[in-house]
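Every chain is numbered from 1 and lettered A, B, ... according to where its sequence line falls, protein lines coming before strand lines.
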Amino acid sequence: DAGVTQSPTHLIKTRGQHVTLRCSPISGHKSVSWYQQVLGQGPQFIFQYYEKEERGRGNFPDRFSARQFPNYSSELNVNALLLGDSALYLCASSSSSLDEQFFGPGTRLTVL
Amino acid sequence: SQKIEQNSEALNIQEGKTATLTCNYTNYSPAYLQWYRQDPGRGPVFLLLIRENEKEKRKERLKVTFDTTLKQSLFHITASQPADSATYLCALEDNAGNMLTFGGGTRLMVKP
């Protein structure tokens with residue numbers, strides 16, 4: 001079985017641009033969560049989506065948005081990129097709740 | 001405010017010894033606590049989940065304890081191996097149950 005997949009692997013953007021990151025959960029998993037991980041720190045929760053509805057939101061500005069599609073895949077959008085948005089963006093899927101998260105390999109975003 | 005604290009200093013131990021990592025939390029009333037392993041450049045991998053009514057849980061060479069009075073979890077790796085070298089993260093759901101928060105992680109280095 002395929003694990004959680006994310007695309008792209010790496011991305012370089014400039015300040016002010018927007019970015020869309022994509023995630024496909026493990027087959028059968030209906031919950032997708034997004035995290036931002038800055039080097040040397042633990043992952044920070046951004047969003048959780050379940051059955052296409054937002055179930056949880058972390059302390060991130062409105063420049064961050066996400067959605068979940070009928071096939072349970074998800075997109076994370078970040079507008080008006082700042083240098084501080086440079087990080088590893090992780091997607092995790094689970095069957096329903098936030099326990100036993102299965103993480104993807106992440107998308108490394110660099111903002112110049 | 002809610003806090004999760006892990007020792008930010010790396011833990012260096014000799015192969016064959018037991019590694020013990022600590023996770024302390026404040027202002028949480030968690031139903032469960034999770035431990036993950038993360039290798040450089042990769043997403044975290046789920047290891048163990050321990051519920052509030054469980055004092056101890058084991059999986060192969062791993063053992064986790066959970067003391068809701070002390071607000072602390074200990075993570076033990078017995079007979080440690082160089083392959084156990086990684087960063088270990090603990091994670092808790094917030095009291096509303098809609099957000100997962102990770103500690104900063106502790107880097108473990110097992111020397112042969």
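Of the possible donor and acceptor atoms, one in the side chain of Ser80(B) sits under 3.5 Å from a partner among the backbone N and O of Lys17(B).
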Between chain B and chain A, which N or O donor and acceptor atoms come closer than 3.5 Å?
residue  : atom : partner   : partner atom : Å
Tyr32(B) : OH   : Asp99(A)  : N            : 3.4
Gln34(B) : OE1  : Glu100(A) : N            : 2.9
Gln34(B) : NE2  : Leu98(A)  : O            : 3.0
Tyr36(B) : OH   : Gln101(A) : N            : 3.0
Gln38(B) : OE1  : Gln37(A)  : NE2          : 2.8
Gln38(B) : NE2  : Gln37(A)  : OE1          : 2.8

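A disulfide bond (SG atoms under 2.5 Å apart) check over residues 18-91 of chain B, counting only residues at least two apart or in different chains, returns the pairs Cys23(B)-Cys90(B). Residues in residues 16-104 of chain A take part in these disulfide bond (SG atoms under 2.5 Å apart) pairs, two or more places apart or across chains: Cys23(A)-Cys91(A).
Contact detail for Gly104(A) and Leu90(A): the closest heavy-atom pair is O-CD2, 3.7 Å.
Residues Leu21(A) and Leu109(A) are not in side-chain contact: their nearest non-hydrogen atoms beyond the backbone lie 4.5 Å or more apart. Side-chain contact between Phe60(A) and Phe47(A): absent, with no pair of heavy atoms (C-beta onward) separated by less than 4.5 Å.
The hydrophobic cluster containing Ile12(A), built from Ile/Leu/Val/Met/Phe/Trp/Tyr side-chain heavy atoms closer than 4.5 Å, also comprises Leu112(A).
Contacts of Leu89(B) with chain A are made by side-chain atoms alone, with heavy-atom separations under 4.5 Å and no backbone atom involved. For a residue to count as touching a neighbouring chain, one of its non-hydrogen atoms must lie under 4.5 Å from one of that chain's; by this rule Pro43(A) touches chain B with backbone and side chain alike.
Ranked by non-hydrogen atom pairs under 4.5 Å with chain A, the options Ala31(B), Gly103(B), Gly104(B) are led by Gly104(B).
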